[in-house]
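What follows is one structure encoded as structure tokens, with my remarks underneath.
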Amino acid sequence: MSFNNISVIGLGYIGLPTAAMFASKEKKVVGIDINSYIVDIINSGKIHIVEPELESIVKQAVEGGFLRATLAPEPADAFLITVPTPFLPAKNEDSTPKPDLSFIKSATNLISKVLKEGDLVILESTSPVGTTEQMSVWLAEARKDLSFPHTHGENSDIRIAYCPERVLPGHIVRELQENDRVIGGMTQKCSRASIEVYSSFVKGDFAVTNARTAEMVKLTENASRDVNIAFANELSIICDKLEINVWELIGLANRHPRVDILQPGPGVGGHCIAVDPWFIVSKTPDESKLIHTSRKINDYKPQWVINKIKLAVIDFLKSNPNKSIKDITIACFGLAFKPNIDDLRGSPAINITNDLTELNFGKVLAIEPNISEAPSSLSDNVELASVNKALKEADICVLLVDHDEFKSIEKAKLDRLISIDTRGIWTKIKSF
Ligand code: SAJ
């Protein structure tokens, strides 16, 4: 088996770095995307996402003739599918969000047009259990002249596997190479072929299993983190009621050799941890009680923060009877979904900031050191401001993201503020 021509379908946060890694090892890589802006920008040697080290690798790969992007599928020896799997929102209070597999279905449809005997198809997109087998069925329906693993096992013309990515945004280039890789072939031959493909750049170990288990491994990793964050978030709500500093509490409990509690925050954001557990819940609703409850706890946390802000406003107006809500300036520190990145996708911080504009304050300021202009997801009624302006003008400051820039605010300034700290960093500065 030799896989010298590789096609990556979906050139986003995972697809583009993966395509670039193959190309950096002098494989001939064709990236397929439905967005012509993305195709053009990659072909010019640039990138459309923020990820350290990636741009220079892409530039070199494009200039060396190893990486090319296009809108239409082309024949290859191996196809990797790295398209999004969002979820369709719950129809009502009693139902749960459902995974949207339409991008995988269209990617499968594209590949089916150029597939030939001996090819390998790897699904990397986070997917509900059973999706890889479903993909095999979709391909077989489109290509009756070829045989597939769900009917022909080891003798099939086409190999299919599920191999999840598990890289952390901001560290993708390093983690793609160093992380261990779970390989879920539909047959042994499918797994061996997948290992052959990834061996060109993966230095971590390969752990072989079947496709269903590999699908569930990915969902389990993120659901596990979500459940653990929910525990921390629930503790923060309990401690607030009991007037206990939750960050001190967790620090002390974590001194136990077998306790390792995560950190509470204003909710869980991003496009993985807050989404993937639903793929388990929607498939097995009666069995996924803890996972479901954890999702609800983490989804409720932004509303709990807003309730805390409302209480602070009532206190402020009581001690300033000459002022009305229209005189209040509120400042939200941080919009990103986690510290020291510019990624605002699914960010509870941005949702909280936008919701505050509905409460008729005089001004809502947002401080986000990692962006230079207001994103379209931010309400027009929010004004971007610097740390200094916010500290000078705001009556109430809400810390939503623990960016490094917010950790260096002096204690004297913080002591003068009315502040709500959802991340524990100002609480720590103030307690010294
Ligand atoms: N968060 C907390 N408290 C914590 C840790 C995180 O509130 O103690 C919040 C963050 O602020 C953020 C959210 O959780 O809003 C998610 O951040 P994250 O750093 O936990 O995860 P992601 O979404 O950046 O990346 C995760 C990773 N998965 C795991 O750590 C199990 C990454 O390895 C996966 O590749 C990625 O999801 C993915 O693509 O699935």
Side-chain angles (χ1 to χ4, degrees), residues 10 12-18 49-51 82-87 99 124-128 162-182 204 214-237 246-247 250-251 253-254 259-280 291 294-295 297-302 304-305 333-352 370 399-403 406 421-425:
Y13 277 81
I14 301 303
L16 179 57
T18 304
I49 55 176
V50 178
E51 185 57 42
T82 51
V83 295
T85 37
F87 60 63
E124 281 204 13
S125 311
T126 304
S127 304
Y162 182 75
C163 305
E165 60 73 23
R166 47 222 319 218
V167 289
L168 201 64
H171 304 266
I172 293 181
V173 171
R174 180 177 55 77
E175 289 209 355
L176 269 178
Q177 299 174 81
E178 289 179 4
N179 289 0
D180 291 347
R181 197 94 207 195
V182 174
E215 287 162 344
M216 191 62 179
V217 167
K218 173 68 192 183
L219 301 179
T220 301
E221 290 165 356
N222 284 350
S224 149
R225 195 150 170 88
D226 198 44
V227 169
N228 283 303
I229 298 170
F231 181 65
N233 276 335
E234 185 162 285
L235 278 179
S236 73
I237 295 171
V246 68
W247 292 280
I250 291 174
N254 281 350
V259 173
D260 191 9
I261 303 167
L262 292 179
Q263 299 300 310
V268 169
H271 35 97
C272 308
I273 309 272
V275 176
D276 301 355
W278 288 123
F279 292 9
I280 303 178
I291 298 171
S294 300
R295 267 294 62 246
I297 292 169
N298 288 334
D299 274 354
Y300 164 67
K301 196 68 196 289
W304 183 85
V305 173
F333 284 70
L335 294 173
F337 87 82
K338 63 183 200 175
N340 307 321
I341 59 166
D342 67 341
D343 193 339
L344 307 178
R345 289 177 297 170
S347 172
I350 214 165
N351 292 339
I352 291 170
N370 299 296
L399 190 281
L400 295 171
V401 188
D402 39 344
H403 289 315
F406 306 152
D421 178 8
T422 69
R423 294 286 184 179
I425 61 174

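Ligands are counted one by one from 1 in listed order, and the atoms in each one are counted from 1 as well.
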**Study point:** Closest non-hydrogen atom pair, N228 against L262
**Key:** CB-CD1, 3.6 Å
Heavy atom of [X], distance to ligand 1 below 4.0 Å:
X	result
T126	no
G270	no
R423	yes
K218	yes

Exercise for review: Using a 4.5 Å cut-off on heavy atoms from C-beta on, say whether the side chain of P266 contacts that of R423.
Suggested key: yes
Practice item. Compare all side-chain heavy atoms of H271 with those of D343 and state whether any distance is below 4.5 angstrom. Key: yes
Review point. Just distances here: any N/O of L262 and N/O of ligand 1 closer than 3.5 Å?
Key: no
Check your understanding: Does the N or O separation between E175 and ligand 1 drop below 3.5 Å for any pair?
Key -> no
Check your understanding: What residues, two or more places apart in sequence or in another chain, satisfy salt bridge (charged side-chain N to carboxylate O under 4.0 Å, His left out) together with D226?
Key -> R295
Nearest protein heavy atom to [atom], by residue and atom, and its distance?
atom	result
atom 12 (C) of ligand 1	F337 O, 3.2 Å
atom 4 (C) of ligand 1	Q263 O, 3.5 Å
atom 21 (O) of ligand 1	I273 CG1, 3.7 Å
atom 38 (C) of ligand 1	C272 SG, 2.9 Å
atom 22 (P) of ligand 1	K338 NZ, 3.9 Å
atom 32 (C) of ligand 1	V167 O, 3.6 Å
atom 5 (C) of ligand 1	R225 NH2, 3.4 Å

Study note, to complete from the structure: Here the gap from S236 atom OG to Q263 atom CD, rounded to the nearest 0.5 Å, amounts to 10.5 Å
Check your understanding: Roughly how far apart are K218 NZ and C163 SG, rounded to 0.5 Å?
Key -> 12.5 Å
Revision key, fill the gap. Residues passing the side chain to side chain donor-acceptor pair (under 3.5 Å) test with E175, sequence neighbours excluded, are N179
**Study point:** Region of I229 that comes within reach of ligand 1 [heavy atoms, distance under 4.0 Å]
**Key:** side chain
